[in-house]
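Working notes, beginning with the structure itself.
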Amino acid sequence: MALFNRPAAEGKEEMTFIDHLEELRGHIIRSVLAILVGAVMIFVYRNWIFDNVIVGPINKDFISYRVLCEFSHWAHMGETLCMPPVAVTMQSTTFGGQFLSSITMAFVGGIIIAFPYIFWEFWRFVKPALKEKELTNTRFVIFWVSFFFFTGAAFGYFLLGPFTFNFLAGFQLGTNNMIVTRPTFSDYLDNLTNIILGCGLAFELPVLSFILTKVGFITPKFLRDTRKYAVVVILIVAAFITPSPDWMSQLIVFVPLWLLYELSIIVSSRVFKQNKVKEEEEWD
């Protein structure tokens, strides 16, 4: 795969390094504009988004608290998944704190909203450098990349977030209640961003497995042989994604990532078999 040795268009001369930089700049500019459009929309409706989206995981009426508790009762687990509501009062310690946090909220939201378009621009830049063999079965790549990203983001927002913030807000050091947890909004927003984006990127594992197997970097045998090492890596990733040190939050992250790794092995096996069949057809 020669990223910097591709034709500019059919029937034209090969593009130079400067031509590639110019094209890359265009893709980056369009991606940034898409992020800015999403950020402006979020900033305009920042109050509604703050009240109904951002503080959702720490809202006692958040849907996840009710659903998890009902599931806990249905599964005869008692109150295991029923999290007591926590009262969180956030603060801003600087005059421009709320304004700057609003900018951050808008920018991160813009990235999430524009993610499919950003990847599409990236794909448009990379696609001409791929061979016809490498492009096989990549027709829905934008859909699958976006699907796994938003699935991971939803997982972080609706499941991991409530567990994490409930644990951290309810954790008490000492027995005389001398310490009161009163986080800043920027601290809360940083944790929420890490959880959502971290889970979104971590859920791309099957797509990454598909691509790497397609180009011949990995095989299903390699993934099976490294499974025990992957478990350790996934545990580390789970600890990194979850701000809270409680085992429940880390287990909530570990189980889906481990299942995604097993799914990656299945995906890699199918792609590997397809590659073998095509190689045999070419030899014939």
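Just so it is clear, the model here is predicted, and its values are computed rather than measured.
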Minimum heavy-atom separation for [X] and [Y], please, with both atom names.
X      : Y     : result
Arg66  : Asp61 : NH1-O, 4.4 Å
Tyr188 : Gly56 : OH-N, 4.4 Å
Gly110 : Ile42 : N-CD1, 3.6 Å

[X]: partners by side chain to side chain contact (heavy atoms under 4.5 Å, CB included), with sequence neighbours left out:
X      : value
Leu259 : Val255
Ala34  : Ala114, Tyr117
Leu24  : Ile28, Phe125
Arg227 : Arg224, Tyr261, Glu262, Ile265

Verify side-chain contact (heavy atoms from CB on, under 4.5 Å) between Val141 and Phe119, making sure each step is shown before the conclusion. CA-CA 10 Å; Val141 63; Phe119 183 78; 4.2 Å; yes

Is there a path of hydrophobic side-chain contacts, each under 4.5 Å between heavy atoms of I/L/V/M/F/W/Y residues, joining [Y] to [X]?
X      : Y      : result
Ile103 : Val32  : no
Val44  : Leu100 : no
Ile118 : Val108 : no
Ile35  : Phe122 : no
Ile111 : Tyr45  : no

Which donor-acceptor pairs under 3.5 Å do the side chains of residues 143-151 make with protein atoms, sequence neighbours left out?
unit_1 : atom_1 : unit_2 : atom_2 : d
Ser146 : OG     : Ile142 : O      : 2.8
Thr151 : OG1    : Phe147 : O      : 2.7

Ring pair (Phe, Tyr, Trp, His ring centres under 6.0 Å) with Trp48: which residues, sequence neighbours excluded? none

Any non-hydrogen side-chain atom of [X] less than 4.5 Å from a side-chain atom of [Y]?
X      : Y      : answer
Phe158 : Ile63  : yes
Phe50  : Phe185 : yes
Ser64  : Leu159 : no
Phe165 : Val88  : no
Arg124 : Glu23  : no
Ile112 : Leu197 : yes

What's the spacing between [X] [atom1] and [Y] [atom2] if we round to 0.5 Å?
X      : Y      : atom1 : atom2 : value
Ile54  : Leu192 : CD1   : CG    : 6.0 Å
Ile196 : Leu201 : CD1   : CG    : 12.0 Å
Leu257 : Cys199 : CG    : SG    : 7.0 Å
His73  : Leu68  : NE2   : CG    : 11.5 Å
Trp258 : Leu263 : CH2   : CG    : 12.0 Å
Thr164 : Ile58  : OG1   : CD1   : 12.5 Å

So, applying side chain to side chain contact (heavy atoms under 4.5 Å, CB included) with Thr193, which one of Leu189, Asn191, Ile195, Asp190 is it?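 Among Leu189, Asn191, Ile195, Asp190, the one that satisfies the side chain to side chain contact (heavy atoms under 4.5 Å, CB included) with Thr193 is Leu189.
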
Using the side chain to side chain contact (heavy atoms under 4.5 Å, CB included) definition, which of the options Ile211, Ile266, Leu260 pairs with Pro206?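 When Ile211, Ile266, Leu260 are each tested with Pro206, the side chain to side chain contact (heavy atoms under 4.5 Å, CB included) holds only for Leu260.
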
Is the Lys NZ or Arg CZ of Arg46 less than 6.0 Å from the centre of Phe43's six-membered ring, within 45° of the axis? yes

Phe62 and Tyr65 aromatic ring geometry - parallel, tilted or perpendicular at 30°/60° bounds: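 Tyr65 and Phe62: perpendicular rings.
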
Whether the side chain of Thr213 engages the backbone of Thr219 through a donor-acceptor N/O pair (distance < 3.5 Å, no angle test) should be reported.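 No; judged by distance alone, with no hydrogens or angles, the pair does not exist.
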
Mind jotting down which residue pairs meet the ring-ring contact (aromatic ring centres under 6.0 Å, His included) criterion with at least one end in residues 211-234? Sequence neighbours excluded, please. none

Going by ring-ring contact (aromatic ring centres under 6.0 Å, His included), name the pairs with one or both residues in residues 89-113, residues two or more places apart or in two chains.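 Checked against ring-ring contact (aromatic ring centres under 6.0 Å, His included) - neighbours excluded - no pair reaches residues 89-113.
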
Set of residues satisfying salt bridge (charged side-chain N to carboxylate O under 4.0 Å, His left out) with respect to Lys221, sequence neighbours excluded: Asp225

Suppose clustering is done on Ile, Leu, Val, Met, Phe, Trp and Tyr with side-chain heavy atoms closer than 4.5 Å. Which residues sit in the same group as Val37?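 For the cluster that includes Val37, the remaining residues are Met41.
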
side-chain hydrogen bond (donor to acceptor under 3.5 Å, both in side chains): which pairs involve residues 90-111, sequence neighbours left out?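 Pairs touching residues 90-111 that pass the test: none.
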
In chain order, what residues pass the side-chain hydrogen bond (donor to acceptor under 3.5 Å, both in side chains) check against Arg182, with sequence neighbours excluded? none

